[in-house]
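This report concerns only the one structure given below.
No hydrogens, no waters, no symmetry mates; every other heavy atom, side chains included, goes into these values. Below, chains carry the letters A, B, ... as their sequence lines are ordered, and counting in each starts from 1.
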Number of protein chains: 4
Amino acid sequence: MAKTVNKVILLGNVGKDPEIRATAGGSFVASFSLATTDRSKDQSGNWTDRTEWHNLVAFQRTAEIIRDYVKKGSKLYVEGKIQTRSWDDKTTGEKKYRTEIIVNDIALLSGRGEGGEGGGYSSGSSYGGSSNYNRGGASSYDQRGPGGADDLVSSTEITDDDIPF
Amino acid sequence: MAKTVNKVILLGNVGKDPEIRATAGGSFVASFSLATTDRSKDQSGNWTDRTEWHNLVAFQRTAEIIRDYVKKGSKLYVEGKIQTRSWDDKTTGEKKYRTEIIVNDIALLSGRGEGGEGGGYSSGSSYGGSSNYNRGGASSYDQRGPGGADDLVSSTEITDDDIPF
Amino acid sequence: MAKTVNKVILLGNVGKDPEIRATAGGSFVASFSLATTDRSKDQSGNWTDRTEWHNLVAFQRTAEIIRDYVKKGSKLYVEGKIQTRSWDDKTTGEKKYRTEIIVNDIALLSGRGEGGEGGGYSSGSSYGGSSNYNRGGASSYDQRGPGGADDLVSSTEITDDDIPF
Amino acid sequence: MAKTVNKVILLGNVGKDPEIRATAGGSFVASFSLATTDRSKDQSGNWTDRTEWHNLVAFQRTAEIIRDYVKKGSKLYVEGKIQTRSWDDKTTGEKKYRTEIIVNDIALLSGRGEGGEGGGYSSGSSYGGSSNYNRGGASSYDQRGPGGADDLVSSTEITDDDIPF
DNA sequence: TTTT
DNA sequence: TTTT
């Protein structure tokens, strides 16, 4: 039973390709930004748009789905909670804050091919970074057994059945 | 019609008496903090609580209701949206950020008398600050006509009809 | 200020082309169904999908947007509230209930061309029904002045600027 | 990952003491109604209140908390989803529908002693029905070991430590 | 059937 | 800085 509630619902577009890190324990963390746009009237009575950028962080299975299917421009529905981390800046000694949305669940609203100028869902390219992972890799969410991700890359035609959710 | 969604739902307790400011135009702004508590398992598998402090800002009529009925300890349901303001620190020149919840609607969950060690809903005390307002003052939400706030303070018994919502 | 909260958030697909009715006062009402799908484990531990059909009702400007841009298959984000109407069945005398979602806001998640086997967003066809209106007509939400909807139909290439939201 | 969203947020008052049933497997089901009130303007421009009654159903641990702590008049925050069951009426043969909110989580907003004219949280009374359970009974959520519910009833003073959440 |  |  909840004693308090801290709930966020966002629907917007991803600003850049997500950054994926692996933890020592082999789990994944995805970080990315999401833009929402508010239309409101200014003092002069004119409608103006204000874009809000949210810092999102996702873990584990959700991070893997993001790694594999979310890229710059993707339209996403997100449920999560607000969390603010604070630390003391090493140089200035100042208290610093960063507010992030801890993602609980997402719904992908961009079809394949939509949502970004980059490659498709399985680009096969690799950054080569040590703890930087790339979409298109095998996901623990993919439970099709041997063949898994390779099939995803090599199949001549990708059907809906190839998408593991 | 919305193109994007930026929605926050919070239920928690107010950390301090809200700060109320008046704008040049005679409108009100209420600023206050709200605590939510998350229970999660740490690495050792023990349940630990983490308290999250949210910075809330409310305007106009909602600010007046907050001025009049919300105080330290009040339990509150809040709907709003996330907004991050940024500015350049004058001394260090650094970019600074502050994330706030812009309040759209609230529901007061503390009965009168609950939610704080301080006085009741109409303390009658005054800070004397130039643009700092105190609960118990006349509210534009109070539409009882002449007598308004004074009656609220002087009446021997406050009934439900005295609460303007 | 709210005393209670009755809030619904849905994201799903429209089951049929919406029905549009006009009120005596010249306002519009849109009725349509929206499907959401729940994945849960049955008694045997197998994942099963259950589709839930929601009856949605929208009014005024939102109804017009739905008339003009929503059709069978459209993916939609909806905010609203739950409302149950009841009446006595004329033949059996029984009390009957119908629960509907009163739509407050929507976000269209299907691009143009997506979301339905039917015509595009501006079919130009007409049912001819007395109080049955068709997408593609001039909308009070369309504020492009003279030319409005006709341009929408006749233009050789529809750009984003043609979509009035 | 979600493909669709079906989410309900309610904050209101419980209409009657919840009904608790036990399943053959020893699990619990709680059924109760919750009222929300909408204030809207009627045709004449007057504010009118409309009370909406929601049928809620909770399972397992949540059902036990409801059994033990929720009663007529309790103020409750609820998260859940909409579900409509249908069946064929045995006598008339008609299709019948009942829309219910399947409860995922609750937050109790009535303090002990608040929210109902009836007894306290541990009335100790029993209906005697075979599959009808009463608040105050032993809960699997209560992990105080031997003594459990009896202690709850017989203790001269109930402290916060007696509440298992 | 609740609540204020 | 809240609350239980």
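- Qualifying side-chain contact (heavy atoms from CB on, under 4.5 Å) partners for R50(B), counting only residues two or more places apart in sequence or in other chains: Q83(A), E52(B).
- Distance L11(B) CG to dT3(F) P: 15 Å, rounded to the nearest Å.
- When each of L34(B), I106(B), I66(B) is checked for a side-chain contact (heavy atoms from CB on, under 4.5 Å) with L56(B), only L34(B) meets the rule.
- In this structure, W53(D) counts as stacked on the base of dT1(E) under the 5.5 Å centre distance and 30° plane angle limits.
- In this structure, CG of L109(B) is placed 13 Å from C1' of dT3(E), rounded to the nearest angstrom.
- The side chain of K3(A) has dT4(F) as its nearest neighbour among dT1(F), dT4(F), dT4(E).
- Nucleic acid contact for T36(D): none, since no nucleic acid atom lies under 4.0 Å from a heavy atom of the residue.
- Scanning both residues, N13(B) and G73(B), for their nearest heavy atoms gives OD1-O, 3.5 Å.
- Taking every side-chain heavy atom of N13(D) into account, dT2(E) is the closest of dT4(E), dT2(E), dT1(E).
- What separates CE of M1(C) from C1' of dT4(E) is a distance of 10 Å, to the nearest Å.
- A straight line from CG of L76(D) to P of dT2(E) spans 16 Å, rounded to a whole angstrom.
- When rounded to the nearest whole Å, the span between CD of E52(D) and P of dT1(E) equals 16 Å.
- Residue Y77(D) contributes atom OH, which lies 20 Å from atom C1' of dT2(E) at whole-angstrom precision.
- In this structure, L34(D) atom CG and dT3(E) atom P are separated by 12 Å, rounded to whole Å.
- Rounding to whole angstrom units, NZ of residue K16(B) and C1' of dT1(F) are separated by 5 Å.
- Remark: the T51(D) side chain and the dT2(E) base include a donor-acceptor N/O pair separated by less than 3.5 Å.
- Under the rule for a salt bridge (charged side-chain N to carboxylate O under 4.0 Å, His left out), the partners of D49(D) that lie at least two apart in sequence or sit in another chain are R39(D).
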